[in-house]
> 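Could you have a look at this structure, given as structure tokens, before my questions?
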Amino acid sequence: MCGIVGLFIKDRKLEPDLGAMLVTMLEVMSDRGPDSAGFAVYGEGRPDRLKLSLRAPAGTDFDALAAALRAAVGNDIGHVVRDTHVIIDIPAGTEAAVRAALAAGHPGIAVVGAGTRMEIFKEVGLPGDVARRFALSTMTGSHGIGHTRMATESAVTTNGAHPFSTGPDQCLVHNGSLSNHNAVRRVLIREGLRFETQNDSEVAAGFLTHRLAKGEALGDALTSTLDTLDGFFTFVVGTESGFGVLRDPIACKPAVMAETESYVAFGSEYRALADLPGIANARVFEPEPATVYFWERAA
Amino acid sequence: MTLPLMEHTIDLGSASVRELNAALHKVGPDVNQRLWRVLNPGGRHSVAAGVDAALTIEIDGHVGYYCAGMNKLAKVIVNGNAGVGVAENMMSGIVHVKGDASQAAGATAQGGLLIVDGNASARCGISMKGVDIVVKGGIGHMSAFMAQSGSLTVLGDAGEALGDSIYEARLFVRGSVASLGADCIEKELRDEHKAMLFARLKAAGLNGAVDVSDFKRYGSARQLYHFHVDNAGAY
Amino acid sequence: MPAPTEVQRMITTPRKSATFDDYTLSEIRRAAATGIYDIRGGGAKRRVPHLDDLLFLGASISRYPLEGYREKCGTNVILGSRFAKKPIELKIPVTVAGMSFGSLSAQAKEALGRGASAMGTSTTTGDGGMTPEERGQSSILVYQYLPSRYGMNPDDLRKADAIEVVVGQGAKPGGGGMLLGQKISARVAQMRNLPEGIDQRSACRHPDWTGPDDLEIKIEELREITDWEKPIYVKVGSARPYYDTALAVKSGADVIVLDGMQGGTAATQEVFIEHVGIPLLGSIRPAVQALQDLGLHRKVQLIVSGGIRNGADVAKCLALGADAVSIGTAALVALGDNDPVHEAEYAALGTTAGSYDDWHEGRDPAGITTQDPLLAARLDPVKAGRRLANYLAVLTLEAQTIARACGKSHVHNLEPEDLVALTVEAAAMARVPLAGTDWIPGAGQY
């Protein structure tokens with residue numbers, strides 16, 4: 001009921017092609033998820049800067065929004081508009097002030113992600129259309145993950161679209177259906193987390209956020225989902241430096257991976273990988289159940 | 001071979017009750033530390049609870065709830081007042097409170113001897129099941145409620161509803177009784193009871209100091225042993 | 001207008017009163033004849049909103065089921081992980097509730113121990129102390145700490161695997177009890193320090209503590225006596241489950257046992273059984289809410305009881321948030337209680353198989369709720385134990401079947417959101433939506 005894709009570039013010469021490669025992967029997954037689509041791309045970043053991915057209602061005047069933020073927080077704020085989203089580029093220390101200004105003056109605007117390198121875009125609609133609206137094919141970077149959604153028990157809204165951001169430079173896409181997400185959500189709410197949706201995947205993302213915030217490494221946090229989350233899942237997660245994959249122990253939901261000297265790619269189906277360069281000679285394999293896979297790029 | 005009596009001191013100003021009790025529970029028959037002194041109890045609860053060894057434990061100060069709870073074999077001396085439920089469910093041994101005891105002293109205790117030099121509060125000997133209790137002062141209301149067996153000896157006065165719903169326990173009171181509870185009546189103090197009373201007083205250190213003839217005996221009228229509608233007012 | 005003769009010839013149907021129905025009339029006559037309230041065993045017999053009024057939403061397209069038999073669905077339960085040095089682990093989420101030697105024959109207690117041990121779960125002592133037989137036959141034995149303290153002693157306390165401080169039971173929250181003299185045999189009397197053959201009047205409160213502030217100190221004493229090894233349960237009859245659960249937790253309990261009004265008793269007043277306490281259905285959510293509010297759901301375990309009959313009941317209780325259930329009446333039926341094979345003898349006692357509840361009289365034809373040696377000898381503890389084990393196995397298999405159908409790899413992952421209600425009152429009491437709607441009557445209030 002959903003399609004997942006992920007791409008991690010090993011050979012930096014391929015980085016300019018990241019967006020274009022993701023578009024083909026994502027569009028092929030339209031059958032699995034025609035309701036909405038979304039993706040996260042890890043592009044250029046500077047340690048002293050932070051990118052906020054904002055989603056705004058149609059008709060929002062982004063230039064006025066940026067001007068208002070500059071007036072409230074300071075002039076050192078850049079912005080790049082992509083359809084309904086705008087990436088706000090701010091000094092690293094001003095996140096709280098910017099968020100406060102947004103909350104106070106622009107209640108209709110949602111912060112969908114934050115990080116030095118991560119940008120998140122998601123919208124309701126066919127995946128190919130969504131990708132075109134955001135011009136995914138022009139994006140560059142080291143890795144990215146994407147998702148096409150067929151809504152099951154929560155509403156077809158942009159809020160319910162993946163990826164779910166789990167923390168700074170962290171995001172998650174999910175294929176499957178968790179069977180104990182209500183109980184886990186109640187526990188996490190008690191621990192202080194806030195949830196925007198009734199979506200089971202947001203609970204998985206929140207769970208990871210919670211474990212990472214406790215200081216766990218991503219691999220350990222993923223492993224701990226095996227003890228806590230019940231049901232069926234395949235997770236693909238992105239971090240500032242890499243991406244990871246985990247399937248539940250029963251592993252009903254499909255997953256296939258391809259690895260070459262140039263990249264590692266994940267797809268819900270092989271179709272998503274079929275057009276990647278050099279795929280004929282790639283090592284193609286299915287990730288094992290209950291096994292954490294993680295690729296990280298050299299610093 | 002007689003082991004030398006060695007004293008061991010635990011200061012609850014620094015050690016915890018848990019450490020004290022754990023140490024007391026570890027004492028085996030071949031350990032020669034038979035005299036334990038507990039300092040600074042500070043009203044703590046469960047001091048010397050669950051001891052199952054022939055030790056002498058002397059506690060210098062006031063204790064909280066359930067001191068010497070479920071005691072077996074040990075002699076526990078409280079140089080102070082005891083809180084609620086001192087010697088509750090005691091099986092054997094002696095618990096001696098030099099000051100006053102709060103409510104439910106000796107509750108459900110099945111054996112041994114509980115001595116209170118001062119007064120005991122309400123529900124002294126409630127549901128007692130074989131213990132002998134000697135209170136040198138008075139006792140509060142509802143004492144010996146549902147008392148099943150054993151004896152309660154009181155040199156002072158008893159409060160309201162003494163021995164309510166009593167079974168086969170024996171009550172001896174030298175002073176006044178504010179009122180008797182349901183199914184509790186005064187009974188004749190015969191020679192065998194005087195002998196028994198004398199023995200209890202002697203065990204409590206009052207060898208001949210008190211005239212047993214000054215006491216009255218109370219016990220069960222046994223009217224509630226089998227339900228009858230005409231006794232329904234007592235239920 | 002008909003003539004008077006015609007009126008006399010008309011046939012009319014006698015009208016029975018709904019208020020003064022046959023049972024009510026017989027009770028008035030019985031009270032007038034005997035002058036004593038009716039005392040009986042068992043739990044509430046009136047119809048109350050029950051787990052039958054809930055249904056599971058199985059998996060279909062939006063959720064995926066697990067394959068029966070092949071894909072694992074765990075049923076184990078760890079109890080006492082909060083404070084006890086030695087928590088206990090049950091293989092199944094069904095325990096055997098407290099029933100005393102005295103109310104039951106030694107053979108019946110042995111059979112309960114055999115059946116429960118075969119399935120890796122616990123049995124519980126009752127009012128009257130621990131017998132060597134039941135300690136010997138029960139691999140996991142919970143020792144009840146009751147107001148009466150009959151037979152209470154530190155040696156048995158240390159022999160127990162867990163301690164259950166009994167504040168009340170579902171049949172009679174707030175009540176003591178009265179076991180009439182017929183069952184106080186020599187052995188029972190000796191264990192309870194009572195004269196043989198007299199009525200046993202049980203206290204309704206503990207003799208040396210009242211309320212949560214004292215309970216905290218009492219629990220600490222029990223832990224001190226047993227060197228903090230044993231899980232400490234607190235059992236309450238369901239009346240104010242939110243507050244009672246919260247207070248038991250604050251008092252330091254490792255496990256809460258919540259007994260709904262359908263829960264049985266060996267003997268108490270019928271008026272108590274039928275008119276005090278609330279049904280299990282309305283008890284679980286408030287208790288779970290209390291645990292959630294304290295951040296201790298699944299950390300302090302909740303065992304619920306009172307009318308559990310089948311694996312669906314088990315699964316529903318777990319979905320509403322319980323960690324395990326406890327059975328009493330159903331366990332006795334599994335042993336052979338109220339079996340129609342004894343119908344002639346039930347008829348001779350003025351009752352019928354399925355309705356016999358004069359457990360306190362000690363004349364049980366099935367030889368279970370009796371101290372009569374000849375009647376007790378009728379129950380073969382080995383065969384009866386096997387029947388109980390079979391029954392426990394079926395309860396577990398049924399609960400697993402439902403859990404798998406809901407896509408759960410452990411029965412504890414069932415949730416309230418897996419349930420809907422058939423009636424408005426069940427929806428309100430269980431706080432799940434009426435089937436086919438998203439309406440939870442009175443949501444957020446209790």
> Which atoms of B/Lys72 are under 4.5 Å from chain C, going by heavy atoms: the side chain, the backbone, both sets, or neither?
side chain

> Is the positively charged end of C/Lys218 above the ring of B/Tyr65, judged by distance under 6.0 angstrom from the centroid and angle within 45° of the axis?
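Cation-pi check for C/Lys218 and B/Tyr65: fails.
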
> Of all the heavy-atom pairs spanning B/His25 and C/Ile225, show the shortest one and how long it is.
CE1-O, 3.7 Å

> Atom CE in C/Met152, atom CG in B/Asn89: separation rounded to 0.5 Å?
6.5 Å

> Rounded to the nearest 0.5 Å, what separates atom CG in B/Asn21 from atom CD in C/Glu221?
9.5 Å

> Do you know which of B/Met91, B/Met142, B/Met90 has the most heavy-atom pairs under 4.5 Å to chain C?
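Top option by heavy-atom pairs under 4.5 Å: B/Met91.
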
> Under a 4.5 Å heavy-atom cut-off, does chain B meet the side chain of C/Trp228, its backbone, both or neither?
side chain

> Counting only heavy atoms from other residues, nucleotides and ligands, does the tally under 6.0 Å from CZ of C/Arg205 exceed 12?
no

> How many angstroms lie between atom CE of B/Met70 and atom CG of C/Leu222, to the nearest 0.5 angstrom?
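CG of C/Leu222 is found 6.0 Å from CE of B/Met70.
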
> At a 4.5 Å cut-off on heavy atoms, which part of B/Asn71 comes close to chain C: side chain, backbone, both, or neither?
neither

> With chain C, which of B/Ala22, B/Ser127, B/Gly69, B/Gly85 has the greatest number of heavy-atom pairs at distances under 4.5 Å?
B/Gly69

> What part of C/Arg158 lies closer than 4.5 angstrom to a heavy atom of chain B: side chain, backbone, both or neither?
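Interface part for C/Arg158: side chain.
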
> With only heavy atoms counted, which part of B/Glu168 is less than 4.5 Å from chain C, the side chain, the backbone, both or neither?
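Contact with chain C involves the side chain of B/Glu168 alone.
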
> What part of C/Pro207 lies closer than 4.5 angstrom to a heavy atom of chain B: side chain, backbone, both or neither?
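Both backbone and side chain.
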
> Flag the one option from B/Gln110, B/Gln103, B/Gln148, B/Arg18 with the top tally of heavy-atom pairs under 4.5 Å to chain C.
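Result: the option with the highest number of such pairs is B/Arg18.
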
> Would you mind telling me which of B/Met146, B/Glu88, B/Arg123 has the largest number of heavy-atom pairs within less than 4.5 Å of chain C?
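If we count pairs closer than 4.5 Å to chain C, B/Glu88 comes out on top.
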
> If I compare all heavy atoms of C/Gly197 with all of B/His226, which pair ends up nearest, and what's the gap?
O-CE1, 2.7 Å

> Sub-3.5 Å donor-acceptor pair from the side chain of C/Asn193 to the main-chain atoms of B/Lys129, do we have one?
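The answer is yes, because a donor-acceptor pair under 3.5 Å joins these two groups.
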
> Could you give the distance from OG (B/Ser102) to CG (C/Asp208), rounded to the nearest 0.5 Å?
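One finds 11.0 Å between OG of B/Ser102 and CG of C/Asp208.
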
> Under 4.5 Å from any heavy atom of chain C, what part of B/Tyr167 do you find: side chain, backbone, both or neither?
side chain

> Using side-chain heavy atoms (C-beta onward) and a distance below 4.5 Å, is B/Tyr66 in contact with C/Glu220?
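No; the side chains remain at least 4.5 Å from each other.
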
> Taking atom NZ of C/Lys85 as the centre, report whether more than 12 heavy atoms of other residues, nucleotides or ligands fall under 6.0 Å from it.
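Yes.
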
